[in-house]
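To start, the structure itself, in structure tokens.
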Amino acid sequence: VAAVAADGRILRRARFETPPRPTPAQIVHRIAAAWSEVVEGLAAADRPAAAGLAAPGPADAPRGVLRQAFDWGWRDVPLAALTSAAIGVPVQLDNDVNACCLAEMRFGAAAGVQDFAWIQLSTGVGGGLVCAGRVYAGAAGLAGEVGHLVLEEDGPPCACGGRGCLQALVSGPAIARRYAERTGGAPGAAPAVFAAAADGDPAAEEVLQAVARDLGRGLALVVNLLNPALLVLGGGVMESLQARLPAVRAALRARVIGQANREVAVRRSAVGYDAALLGAAVLGTRSAGQP
Ligand SMILES: [Zn+2]
């Protein structure tokens, strides 16, 4: 929870731990406590008149309803109204990835860009689409699930229940699993694979080259479908993969059609870890009636 100035500066912030499988009341209670902590430390002139909320699942933004939070077992929770009642200002809610797109447009790598895809690589692979200057949510708020584009029929199992999805090939857990399969060891964590490659471990190097290639193949599907001007790549795994961006680009360029698609820009996220938080602030300006 943070108070954010109009130029994107974070004035004050407070954090809380999310309990395992929380109820809506537990989450709203924690948000309200953190909100008080933030607001009480602000000068009166800086106190927010409205708030935005970046929610972890598909959302019905106009109604302020979180349709589903997969990890929490929630369905159709009117989280904007519940939060607004607890903190006393209007609350505008949207899906967290859509919020990240808004932050990148307002403050980050996609400033002034009308058509781009935002892709986050961490423990999962998420994505959001901006078409003609607007976040494209789809009919049920499910658009942009780049992580579940299928690259390999009968490939490794994915958290969605399918197989061979991009997420099952390039997410942090997928990188750890691929390395374990390659070496016959127990799966560790992705940072250990990056560290091993930096130390000259050929198996780790091979896995990361394959990951870069698979990421490029996945991005090519996005580019061929949407013809974006820009791909913004964020998330912890992407930070570690920065050095391999030329290999990602090569795999991408080899598979896209048309010169315009080959010229698509690829940039790292400029809002980074705070993307969803800053996006929530942009949503807040909407509930305050600002453009
Ligand atoms: Zn999947």
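Read the numbers this way: they start at 1 and go in the same order the structure lists the ligands and their atoms.
With hydrogens and angles ignored, the 3.5 Å screen pairs no side-chain donor or acceptor of Glu239 with any backbone N or O of Gly236. In this structure, Arg12 contributes its side chain and Val38 its backbone to a donor-acceptor pair below 3.5 Å.
For Trp35, there are no ring pair (Phe, Tyr, Trp, His ring centres under 6.0 Å) partners two or more places apart in sequence or in a different chain.
Glu206 has a carboxylate O that lies under 4.0 Å from a charged side-chain N of Arg182, or vice versa, which qualifies the two as a salt bridge. Salt bridge Glu205/Arg244: present, at least one basic N to carboxylate O contact under 4.0 Å.
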Legend entry - Chi angles and distances behind the salt bridge (charged side-chain N to carboxylate O under 4.0 Å, His left out) call for Arg30, Glu17: CA-CA 9 Å; Arg30 280 170 171 76; Glu17 293 284 324; over 6 Å; no
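With a cut-off of 2.8 Å, the protein N/O/S atoms near the Zn ion (ligand 1) add up to 4.
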